[in-house]
Visitor: 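Can you keep this structure in mind? I'll have questions shortly.
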Amino acid sequence: MAVAADELEIARSEGVAKVVCIGCGRHYPTQEAHDSCLSCGALLEVQHPLEILRSSLNFDWLERRKNERAFPYNSGVWRWRELVAPFPDETLVSRNEGNTNLYEDARLAKYVGLQADSFWLKHEGENPTGSFKDRGMTVGISHAKWVGAKYVACASSGNTSSALAGYAARAGIPAVTFVPAGKVALGKLSQTFAYGAKTIQIDGSFDLALDLVQQVCHAAGGYLVNSVNPFRLEGQKTIIFEALDQLNWQAPDWIVVPGGNLGNTSAFGKALYELRALGFLGQKLPRIATIQAEGSAPFYNYYQNGFKDFQAVSPETIATAIRIGNPVNLPKAQRALEWTDGVVERVSDGEIMEAKYRLDRTGIGGEPAAAATLAGIRKLTANGTIQPGDKVVGILTGHILKDSDSIINYHADPANPGANAPIKVEANLEAILKLLN
Ligand code: F0G
């Protein structure tokens with residue numbers, strides 16, 4: 001399809017996006033694939049020519065763009081193309097990801113201690129493969145296609161591998177995934193091999209799997225699509241762009257997100273920073289609150305000691321998506337908290353599962369890591385960090401069906417709040433009526 005907008009030409013010409021090392025500042029062309037700086041080994045990020053884009057990316061541009069119904073602008077990621085990646089049309093691998101709902105729910109607002117009209121949940125589980133990862137994956141796989149990758153690879157606690165497998169299948173690129181054996185929810189694991197990815201189970205944690213897949217990609221020419229890939233995070237920024245647009249640019253006080261490898265925390269900080277630079281937001285940015293599971297909380301510990309001493313942990317939690325002990329995006333996530341005056345909180349598995357039962361019971365639903373958002377908001381209002389009148393957006397990161405084992409186990413124990421296990425009954429009317437009464 002023809003690219004109508006003049007403004008896209010700007011991003012592609014003089015003021016083109018660059019990949020830049022956050023450690024030493026070395027630049028790389030966007031049509032090269034690197035997962036770290038070749039000079040100093042630090043993380044890379046995409047930098048957009050914000051000063052140039054500022055004159056063309058404004059509310060009028062956004063209104064025009066929102067009226068474009070055709071590919072790629074019907075995608076909730078590629079609608080923001082100038083702020084995502086300057087790839088040619090023919091390389092885009094998209095399933096119209098994004099465009100997810102922002103829910104209000106008075107019961108959940110009450111549960112977390114907020115006012116019903118100041119609390120929203122954005123459900124990223126509504127993406128094509130059931131998690132926010134699709135927003136990053138459309139960009140990562142499009143880049144892989146542009147650079148001519150032989151195969152794409154990732155380590156995963158299950159959602160990245162599902163998204164990778166699905167988008168690689170759409171693109172017709174072979175995919176390899178490395179997952180911690182026995183620690184990936186079955187919905188995610190089965191989705192990954194069903195889409196056709198080679199799925200390798202590693203006897204070790206996500207962190208070990210990530211280390212190994214990086215080595216494999218370097219040794220055997222694979223294209224790595226974990227969130228060390230700077231293009232992934234550019235797609236994930238659009239969660240924030242879209243949420244603010246849904247709120248008519250009335251910025252909330254808080255944005256709350258679960259943290260594992262800290263890609264979202266990093267991407268959200270960058271999104272807010274860029275929106276302010278472009279004039280879409282005022283000086284005061286919404287504060288980011290990252291929520292970790294108690295058994296997998298290295299970022300929480302690091303935050304608590306004033307970002308002085310980082311210690312990786314041996315991770316454990318029922319929320320397997322965030323069972324991560326050594327987050328690779330640490331420096332970017334720290335920067336995101338510094339930019340936004342953010343905080344980190346931790347919640348127990350019990351708090352996560354209770355919040356999940358409440359979330360599921362409203363019909364919105366989500367996997368355990370998503371429910372960590374709700375549990376975290378509840379804790380932050382209870383301890384006075386979030387004030388009762390604050391406007392809060394919580395991000396639900398994955399779909400309820402991703403982890404059905406966690407649901408079945410929770411509801412099988414009558415001691416759990418709201419336990420609602422299926423009931424077996426004889427197949428006759430009398431027995432059924434007796435039960436219903
Ligand atoms: N929520 C869900 C549902 C996830 O799948 C993940 C990460 C996170 C939260 C944490 O996000 O890493 O940006 O801090 N899942 C990765 C995976 C690690 O492999 O699917 P983060």
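Order of appearance sets the numbers: ligands from 1, and atoms from 1 within every ligand.
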Visitor: Number the atoms of ligand 1 from 1 as they appear, then name those within less than 4.0 Å of a heavy atom of Ser156, with their elements.
Guide: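 Once the distances to Ser156 are compared, the set is 17 (C), 19 (O), 20 (O).
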Visitor: Using a 4.0 Å heavy-atom threshold (strictly under), name the region of Lys402 that reaches ligand 1: side chain, backbone, both or neither.
Guide: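 Lys402 to ligand 1: no contact under 4.0 Å from either part.
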Visitor: Using distance alone, decide if ligand 1 has a nitrogen or oxygen within less than 3.5 Å of any nitrogen or oxygen in Ile324.
Guide: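 No.
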Visitor: If we only consider heavy atoms of Ala370, is any one of them less than 4.0 Å away from an atom in ligand 1?
Guide: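 No, Ala370 has no heavy atoms under 4.0 Å from ligand 1.
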Visitor: For the pair His34 and Tyr28, name the ring-plane relationship: parallel under 30°, tilted 30 to 60°, perpendicular over 60°.
Guide: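 The arrangement is tilted - the two ring planes meet at 30° to 60°.
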Visitor: By number and element, which atoms of ligand 1 are closer than 4.0 Å to a non-hydrogen atom of Thr160?
Guide: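 Those atoms are 16 (C), 17 (C), 19 (O), 20 (O).
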Visitor: If you measure from CG on Leu401 to CD on Gln191, what distance do you get to the nearest 0.5 Å?
Guide: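 Rounded to the nearest 0.5 Å, the CG-CD separation comes to 10.0 Å.
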Visitor: Under 4.0 Å between a side-chain nitrogen and a carboxylate oxygen: does that hold for Asp245 and Lys66?
Guide: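 The answer is yes: the pair qualifies as a salt bridge.
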Visitor: Within the 4.0 Å heavy-atom shell around Phe132, which atoms of ligand 1 are there?
Guide: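 Every atom of ligand 1 under 4.0 Å from some heavy atom of Phe132: 1 (N), 2 (C), 4 (C), 6 (C), 8 (C), 9 (C), 11 (O).
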Visitor: Has Thr265 got any heavy atom lying under 4.0 angstrom from an atom of ligand 1?
Guide: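 Outside the 4.0 Å threshold, so no.
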Visitor: Output yes when the distance from some N or O of ligand 1 to some N or O of Gln236 is under 3.5 Å, and no in every other case.
Guide: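 N/O-N/O distance under 3.5 Å: no.
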Visitor: Over 60° means perpendicular and under 30° means parallel, so classify the ring planes of Trp80 and Phe241, tilted if in between.
Guide: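 Ring orientation, 0 to 90° scale: tilted.
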Visitor: Find out whether the Lys NZ or Arg CZ of Arg65 is both under 6.0 angstrom from the six-membered ring centre of Tyr73 and within 45° of the ring's axis.
Guide: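 Here Arg65 passes the 6.0 Å and 45° test against Tyr73.
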Visitor: Does ligand 1 have a heavy atom under 4.0 Å from the side chain of Glu367, from its backbone, from both, or from neither?
Guide: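 Near ligand 1, Glu367 shows its side chain, while the N, CA, C and O stay back.
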Visitor: For Ser227 and ligand 1, answer yes if some heavy atom of the residue is under 4.0 Å from a ligand atom, otherwise no.
Guide: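 Judged by the 4.0 Å heavy-atom criterion, Ser227 does not count as contacting ligand 1.
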Visitor: Assess whether a salt bridge exists between Lys183 and Asp203, defined as any Lys/Arg side-chain N lying under 4.0 Å from an Asp/Glu carboxylate O.
Guide: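 Salt bridge flag = no for Asp203 with Lys183.
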Visitor: Below 6.0 angstrom between ring centroids: does that apply to Tyr167 and Tyr195?
Guide: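 No, ring centres 6.0 Å or more apart.
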Visitor: For Lys133, which of Asn159, Thr138, Leu164 qualifies under side-chain contact (heavy atoms from CB on, under 4.5 Å)?
Guide: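 Between Lys133 and the candidates, side-chain contact (heavy atoms from CB on, under 4.5 Å) is satisfied uniquely by Asn159.
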Visitor: For ligand 1, which atoms have a heavy atom of Asn264 less than 4.0 angstrom away?
Guide: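 It comes down to these atoms of ligand 1: 13 (O).
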Visitor: Distance only, no hydrogens: is a donor on one side chain within 3.5 Å (strictly under) of an acceptor on the other, for Gln246 and Asn101?
Guide: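 Side chains of Gln246 and Asn101: no pair found under 3.5 Å.
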Visitor: Taking N or O atoms only and a 3.5 Å limit, does Ile322 qualify as a polar contact for ligand 1?
Guide: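 No: no nitrogen or oxygen of Ile322 is under 3.5 Å from one in ligand 1.
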Visitor: Starting from atom 2 (C) of ligand 1, find the nearest protein heavy-atom neighbour and note its residue, name and distance.
Guide: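 Answer for atom 2 (C) of ligand 1: Thr397 OG1, 3.4 Å.
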Visitor: Provide, to 0.1 Å, the distance between atom 5 (O) of ligand 1 and the closest protein heavy atom, together with that atom's residue and name.
Guide: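 Protein heavy atom at minimum distance: Asn159 ND2, 2.8 Å.
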Visitor: Please indicate whether any nitrogen or oxygen in Ser157 is less than 3.5 Å from any nitrogen or oxygen in ligand 1.
Guide: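 Between Ser157 and ligand 1, an N or O pair is found under 3.5 Å apart.
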Visitor: What part of Ala321 sits under 4.0 Å from ligand 1 if we count only heavy atoms: the side chain, the backbone, both or neither?
Guide: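 Ala321 to ligand 1: contacts from backbone and side chain alike.
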Visitor: Run the salt-bridge test on Glu234 and Lys237 with the 4.0 Å N-O cut-off and return the result as yes or no.
Guide: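 Salt bridge between Glu234 and Lys237, a charged N being under 4.0 Å from a carboxylate O: yes.
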Visitor: For ligand 1, note which part of Val257 has a heavy atom under 4.0 Å away: side chain, backbone, both or neither.
Guide: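 The answer is neither.
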Visitor: Backbone or side chain, does any N or O of Asn261 fall under 3.5 Å from an N or O of ligand 1?
Guide: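 By distance alone, the answer is yes.
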Visitor: Below 4.0 angstrom from a heavy atom of Gly259, which ligand 1 atoms are there? Numbered from 1 as shown, please.
Guide: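 Result: 14 (O).
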Visitor: When you check the gap from the basic side-chain N to the acidic O, do Arg378 and Glu351 get nearer than 4.0 Å?
Guide: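 No, Arg378 and Glu351 are not salt-bridged.
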Visitor: Answer yes if the ring centres of Phe87 and Phe231 are under 6.0 angstrom apart, and no otherwise.
Guide: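 For Phe87 and Phe231, the ring centres are under 6.0 Å apart.
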Visitor: Looking only at N/O atoms, are Gly263 and ligand 1 under 3.5 Å apart anywhere?
Guide: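 The answer is yes, given that Gly263 and ligand 1 share an N or O pair closer than 3.5 Å.
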